[in-house]
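Each chain gets a letter, A, B and so on, in the order its sequence line appears, and its residues count up from 1. A quick note: this is a predicted structure, and the numbers were derived from the prediction, not measured.
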Protein chains: 4
Amino acid sequence: MARPRSETRRAAILTAAASVIATEGLTAPTAAIAKQAGVSNGSLFLYFDTKTTLFNELYVALKTEMGEAAVEGLPETGDARKRLRHLWTRWLRWATSNPEKRRALAQLEVADEVTAESHRLVRDTQRDMAELLETCREGGPVQDVPLSFVLILTGAIADATMDAMIREPGNADSHSATAFEAVWRVIAGPTAH
Amino acid sequence: MARPRSETRRAAILTAAASVIATEGLTAPTAAIAKQAGVSNGSLFLYFDTKTTLFNELYVALKTEMGEAAVEGLPETGDARKRLRHLWTRWLRWATSNPEKRRALAQLEVADEVTAESHRLVRDTQRDMAELLETCREGGPVQDVPLSFVLILTGAIADATMDAMIREPGNADSHSATAFEAVWRVIAGPTAH
Amino acid sequence: MARPRSETRRAAILTAAASVIATEGLTAPTAAIAKQAGVSNGSLFLYFDTKTTLFNELYVALKTEMGEAAVEGLPETGDARKRLRHLWTRWLRWATSNPEKRRALAQLEVADEVTAESHRLVRDTQRDMAELLETCREGGPVQDVPLSFVLILTGAIADATMDAMIREPGNADSHSATAFEAVWRVIAGPTAH
Amino acid sequence: MARPRSETRRAAILTAAASVIATEGLTAPTAAIAKQAGVSNGSLFLYFDTKTTLFNELYVALKTEMGEAAVEGLPETGDARKRLRHLWTRWLRWATSNPEKRRALAQLEVADEVTAESHRLVRDTQRDMAELLETCREGGPVQDVPLSFVLILTGAIADATMDAMIREPGNADSHSATAFEAVWRVIAGPTAH
DNA sequence: GATGAATGAGCGTTCATTCAT
DNA sequence: CATGAATGAACGCTCATTCAT
């Protein structure tokens, strides 16, 4: 019940969980997840003490993966707007390329089995994004607001945009661009670019 | 000739459902809802055929209530920004004054027991808001985007703001004002006001 | 809860009960019976204290009706075989003309809610048949067996024949005739007729 | 690699089901059956998907057991009457030795949860009896009747006789003998033996 | 008396978790 | 370690019966 060897099996369970949650919701039986992972009923509990544990670890894993995808290849210096644009694009691309993970994440985000601790853990994975936003908002209309609130606003717009992109794949790029401009107006205000 | 079916009881069940869902989530036992409503186990099913039915009717009721609260006293004419501000304020005020209903609504919004039909029914309750947004975005940066996407973006910002206001009641007004400006920037762009 | 006026309503409930039991079985809700009888939920319990009571009274009523149908117009004297044949024909005819009542009766016959008392009550309704069988078996192979056993054997053959007649209405008369000869052989033996 | 599914437990559940159904009827709670089998509530559903499934499998099992008991040791050739007598005796003996199974079978026989498929499956177990009856009726009064009807008549007499034997164990043998002669008269007519 | 809303015990089935193999 | 059988608490829903109108 501790932390057993096979990292492969562990990963398989997490992947299966995301997939099953995406289609069946959080009430999906653990047995369904185990089956999808090609693992026995009981094995799941060898890797995760509890269904709740599994949910929390999955939440952190997905959120981390998403954060890493967003900042991958992000230039360390340069024009802030361009760098944010880069991040925004990769972020939304990850979401639209991984619709199941995204759906699972959306469910986990509001699940009350996911603890405050997990939410806190995850904040670290967004440090790069936070720093970038900090730079972008300098001198703008939200410079005196708590950064966390800015993050939340940005995240909300991103979420809504992801939904729209997944729902209408044809307009995905257009939605992404429109939303980026909106975000920029939110955090940087009516500046020329 | 017998006791008539009581609208009061029905309302009590809906209210109890919102409250219980807010604290226990959508998996809360129907028995808990009935108990909280001061009604017997079986009575709940006299007023609502199914747990799913209850969820759907609750969703529509809450969404309608929220919509009506938002447009209450909305002047029919006048400066669009002022009118949107009026609506925004009442909207967020309802949410912060009814945190349980809001939490329940958040859960129902993503529940897959809530039918497409229910979501459609609810769209009408947002007609006033939609029309106002249509006016506000005229000539602005999102004038050519589907209105539905603008509604979603606005809703997402509102949701995030509600969360923040409930989490930090001390900064509620400040968050509300900040977010309104952000929304205005999103839909009307860098116009003077 | 005693015995209220409207004999009509009472009869309607019994009729509805037979019909509903025939199609839904003994586990059919009392509400279904009440509805079919055009009577309210609660009224049923004004006429019958209990579902079990209803079953018992229905059993007696149906069995009585069947018994009376069988002996209707039965000549009081004359050739025993002819008289038995008369009774047999009317008996089976009632069953095939009232398939719902018959089905209900078949279910009630084996229901353990139907008390021994009800079974005893019903025995009286078969007195005429018993007397006739007593006459018929005189000097035959079952003259020394308990009459009750002869009655049971006869009833079993009749039941099986009714089933067959209802299942294959085309061969109804043929089955009836074949079975009568069988019965006659059982009780009167290899006598010429 | 895990504990294998236990044929013993499965059998225990079937046995318990027969016993509980015999005393409480088909509406007996599955929990009562599980308890009687010394098995947990949930285990029952590991071995039988559904209460209905359990009923069907029990029906087939009991009917098969009864059929096998009847033909056990049946000489393949020889005097037809003697062979039928052998079968008849063993058949009724099984019923009187297993009154609970017999009661359960009687209930299942008329239950509408028991599928047509189950009834068909069971028909095979009576093939030997059918063939024997076919031989016995040759040249007799029911030689031109559908064999199925003859089987039904025979079964009805057997059933009634079993009831009588169980009710009056003192006269069991006498009832059995009397009924056999009756059956013989039915199918073979007034032949000397 | 008649109605039908109200009650609450009860049931079939599921599923997270444990444990024998 | 892995498996899957075993467990039993829990839940949604039904329905006989009671009772307010």
(request) For C:A32, report the nucleic acid contact type (base, sugar-phosphate, nothing); a contact means any heavy atom under 4.0 Å. (result) nothing

(request) Look at all strands and tell whether C:A34 reaches a base, only sugar-phosphate, or nothing, counting heavy atoms closer than 4.0 Å. (result) nothing

(request) For D:I13 and F:dA6, give me the distance from atom CD1 to atom C1', rounded to whole Å. (result) 11 Å

(request) Working to the nearest 0.5 Å, report the span between CG of D:L62 and CD of D:E57. (result) 12.0 Å

(message) Starting the side chain at C-beta, find the nucleotide from F:dT17, F:dC13, E:dG12 nearest to C:K51.
(response) F:dT17

(message) For the CD atom of A:Q107 and the CG atom of A:L58, what is their distance to the nearest 0.5 Å?
(response) 11.0 Å

(message) In whole Å, I'd like the distance from the CG atom of D:N41 to the C1' atom of F:dA9.
(response) 9 Å

(message) From the set F:dC13, E:dT14, F:dT21, return the single nucleotide nearest to any side-chain atom of B:R3.
(response) F:dT21

(message) So, OP1 or OP2 of F:dA2: does either fall under 4.0 Å of a side-chain N or O from A:S40?
(response) no

(request) Using only side-chain N and O atoms of B:R5, determine if any of them is under 4.0 Å from OP1 or OP2 of E:dA5. (result) yes

(message) Assuming nearest nucleotide by heavy-atom distance, tell me which of D:G42 and B:F45 is located more 5' along DNA chain F.
(response) D:G42

(request) Indicate whether OP1 or OP2 belonging to E:dT7 is found under 4.0 Å from a side-chain N or O atom of B:R9. (result) yes

(message) Between C:P29 and B:T50, which residue's closest nucleotide on DNA chain F lies nearer the 5′ terminus?
(response) B:T50

(message) If I take atom CD in residue D:E24 and atom P in nucleotide E:dG10, what distance separates them, rounded to the nearest angstrom?
(response) 13 Å

(message) Less than 4.0 angstrom between a side-chain N/O of A:Y47 and OP1 or OP2 of F:dC1, yes or no?
(response) no

(request) Whole angstrom is fine here: how far is it from CD1 in C:I33 over to C1' in F:dT14? (result) 15 Å

(request) Please determine if a side-chain N or O atom of C:T30 lies less than 4.0 Å away from the OP1 or OP2 oxygen of F:dC15. (result) no

(message) If you count heavy atoms of other groups shown closer than 6.0 angstrom to CZ of A:R103, is the number above 12?
(response) no

(request) Check the distance between F:dA6's P and D:L46's CG and give it to me in whole angstrom. (result) 6 Å

(request) For D:T27 and for C:V39, find the nucleotide of DNA chain E with the closest heavy atom, then tell me which residue's nucleotide is more 5'. (result) C:V39

(request) Would you mind reading off the distance between D:L26 atom CG and E:dG12 atom C1', rounded to a whole angstrom? (result) 15 Å

(request) State the OG-CD1 distance between D:S43 and D:I13, to the nearest 0.5 angstrom. (result) 6.5 Å

(message) To the closest 0.5 Å, what do you measure between CG (C:L105) and CD (C:E100)?
(response) 13.0 Å

(request) Considering just the side-chain nitrogens and oxygens of C:S43, establish if one lies under 4.0 Å of OP1 or OP2 belonging to E:dT3. (result) yes

(request) With a 3.5 angstrom cut-off on both distances, give the Watson-Crick or G-U wobble partner of F:dT21, or none if there isn't one. (result) E:dA2

(request) Counting Watson-Crick and G-U wobble pairs only, both distances under 3.5 Å, name the nucleotide matched with E:dT14, or none. (result) F:dA9

(request) Provide, to the nearest angstrom, the distance between the CD atom belonging to D:E113 and the P atom belonging to E:dG12. (result) 10 Å

(request) Before accepting this row, confirm whether a basic side-chain N of the pair D:K63/D:E109 lies closer than 4.0 Å to the acidic partner's carboxylate O. (result) yes

(request) Identify, between B:S6 and A:A31, the residue whose nearest nucleotide on DNA chain E lies closer to the 5' end. (result) B:S6

(request) Take atom NZ of C:K35 and atom P of F:dA16, then tell me their distance rounded to the nearest Å. (result) 15 Å

